[in-house]
Amino acid sequence: MAKQIEVSDLDAYYGSHKAIEGITMTIEPRSVTAFIGPSGCGKSTFLRTLNRMHEVIPGAHVDGKILLEDQDLYGPDIDPVSVRRTVGMVFQRPNPFPTMSIFDNVAAGLRLNGRISKSEAEGIVETSLKDANLWNEVKDRLNKPGAGLSGGQQQRLCIARAIAVSPAVLLMDEPCSALDPISTLAIEDLIAKLKNDYTIVIVTHNMQQAARVSDRTAFFNLAGQGQPGKLVEMDETSKIFTNPTQKATEDYITGRFG
Amino acid sequence: MTMSPAVITRVSFSRRLKDRVVLGLVWLAFAVAVVPLISVLWLVIKNGIARFDLEFLTHSMRNIGARDAGGGAYHAILGTLEQVGLAALISVPVGLLTAIYLVEYGQNRQLARSISFFVDVMTGIPSVVAGLFVLAFWVLVLGLGYSGFAGALALSILMMPTVVRSAEEMLRLVPNDLREASYALGVPKWKTITKIVFPTAFTGIITGVMLAIARVAGETAPLLLTVFSTDSINEDPFNGPQMGLPLYVFDQAQRPNVTAVDRAWTGALTLILIVMLLNLVARLIAWWRSPAKGR
Amino acid sequence: MRRPAFRRSRGEGPFRFATTGAGVVVLAIMAAIAVFLIVKAIPALQANTSSFLAEKIWTPNATEPKFGIAALAFGTVISSLLALIMALPVAIGVALFISHYAPRRLAGALGYVIDLLAAVPSVVYGLWGVIFLIPFVQGPYTFLNDYFGWIPLFAGDAVYGKSIMTGSIVLAIMILPIIAAISREVFLQAPRALEEASLALGATRWEMIRMSVLPFGRPGVISAAMLGLGRAMGETIAVALIFPATFDITFKVLSNNGNSIAANIANGFGEATPIGQGALIASGLVLFVITLVVNTAARLIIARRKEYSRAAA
């Protein structure tokens, strides 16, 4: 079930270095939200705080509050591991598990989180691969290694793997930056389809992509080297790209810096 | 300013000569290193083959007189297999878990740094010192007596650091992407390690373990101080003196007659065959894995 | 759709405990080695009627036990140093051969051949040394003694196969593969750009190696040599078979002399009384400390190099 995310006054640190500061925003369910901004502005860091992947890095921690509907993701009784079951993630580079077949890759999240029957797994693998627009290409070689697919297919396999555990939110960290244009197009089509069922957040360096796929866009920036990144503004994508309120946003979008 | 003519001049004779001389020296070094290997292997095969028969592989030295021919190393082969097997049973779990701690949980903690330091120290322990330790601890202080198991304890001390280091290296080779992918599926860390990281590193780890086993299988000094030695078959590694194949070679080589020296050579041949077999299996596993990476 | 159950996984605690526990076991073993060796050495050291550090002879089984480490420690150090002097140039040559001279396609296989030297058990080298090498070296030793006897090392009235030199030759063969393997690794790590830069300046292959590979590899080779030295000092069975087990301090490496701490443990263990065993354990403790110092020095050199290369990157 797609869910709304509400972030209030969030700071994230690497050791003593503050990477992002004072982020407050609402991410709507059943829509695509894009994060854009120059390198090092903290958009990926912020994305990783949304499923508590940020704290996987030694010394990293977070201050502030993130509500998924009514639950505080950073509440005292919350296990970060279970947060990640509800908030899935797709990475920059496709990373299928090399020791597993295509089938096992998609079923991995379910199997590693508890026993499921073979028929149940088969059903979920098939729907996930269909949802990821990959079923027709791989249905005859489900037992072949996932690493044997092309880059674009691998990335769709990773998306299928992420949605197989039926998360509420899907985070994508520059999912197309390692792919060729045709594979990129396939992923963008997929994102447009998936937003009917999931809350999708995508970080991208490609502004055309943000304009093509997202409903709302957030622009991040940092005051200077070593300063924490901040949210400059967030609005409907069409408004951000045609009539932004902030000068910095306009400069970035028109390619005057970044 | 003078313009040098644009012709290709030859490198001066002395520079070319030096280059040639070094080339010769480097080839010579390799030849010098290979000569003893060939000599050892040739003599072991030539002298060992004579007694490499069924009697040698199936009989012990019990009731074989000082000057008699015949007799065999069955008791020693059996002892070596048991001792090395037990040593692996002890050191592989401890070594693998330690490697997992160092790579996955240790980060930069003080405990991890001291474990890592002492694993290095352990790597440098002379094998005879490991034997002395088990002698002091197991035989003298606890009074549990010489046995195959005491030998296995000493061998496991020698195996452990090798297992830790090779497993650590293999675990570090597993890309962090895979760990993150697993975490992002909501898989807990321990399951990520056991189901994703470990299987990915598995063949590499097995190779390391096999090489570690091959290394300790040829150790003599620790056995000398811990299993004592016997001419009879003792199938029970937990009770009473046992024999080990390296120890058998050492024992026979010191006996002042030709029949014993013949047995020593055959023992050496058997030992080399076992060690080479383990090495070969390890390398086959490594080789079988490497093309899979490209696939 | 199931509602997220934000509960903690039950396996995490026990698994983490097991891995940490295994690490602690390693520390405990190291501590136990030190403690038990010391505990069992003390009674023997107390019963000793001469100086453990200065005494040369080793008669701990007598009613008035007299034993000292001096001759043994000397024998350990000189035989290992001699082995290192013989092995190092050959090992560097072998390493360069495999990293820069051998045909690319053969390099892997030739490296494996050298590794095989390390796979031969030490007792086999001992047997080979006793049966083959000892008679074989008689001729060359006589030659050295006749023509180079004015060098103190080769002096003496007669030459013997059972000597420090023969032990050192066998030790040299045994430590060669480890020195060669580590040196080969560091030579292969020499930055390609640096090598190409010297070749582009018109350097010959040897000049390229001298300018860019050897300086880069020096710390690695030094630490490899130290590790080899540590290995040679702890080597037991091969030298136990070869050394004549005397208790003299002499530099005449071709004479009928030679012993080491490790060889003495292997040869003396069989007839040792409780005090004798304690004395051997005390000598093992000394060996442990010496090898520890040598190995730690080797690792410090490697560690410094790592820092350096990280700074350069």
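A, B, ... follow the sequence lines: proteins, then strands. Residue 1 opens every chain. Quick caveat: nothing in here was measured; it's all calculated off a predicted structure.
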Interface moiety of A/V90 toward chain B, non-hydrogen atoms closer than 4.5 Å:
neither
Please report whether the ring centroid of B/W138 lies less than 6.0 Å from that of B/F149.
yes
Is it the case that the side chains of A/D180 and A/S183 hold a donor-acceptor pair, with the cut-off being a distance below 3.5 Å and no angle test?
yes
If one checks every heavy atom of A/F97 against chain B at 4.5 Å, the contacting part turns out to be both
Is B/S182 close to chain A through its backbone or its side chain, or both, or neither, when contacts mean heavy atoms under 4.5 Å?
both
Measure distances from A/R48 to the heavy atoms of chain B and classify the residue's part below 4.5 Å as side chain, backbone, both or neither.
side chain
Got A/V169 and A/P167 here, is their nearest side-chain heavy-atom distance under 4.5 Å?
no
Taking the six-membered ring for Trp, are the ring centroids of A/H54 and A/Y14 within less than 6.0 Å of each other?
yes
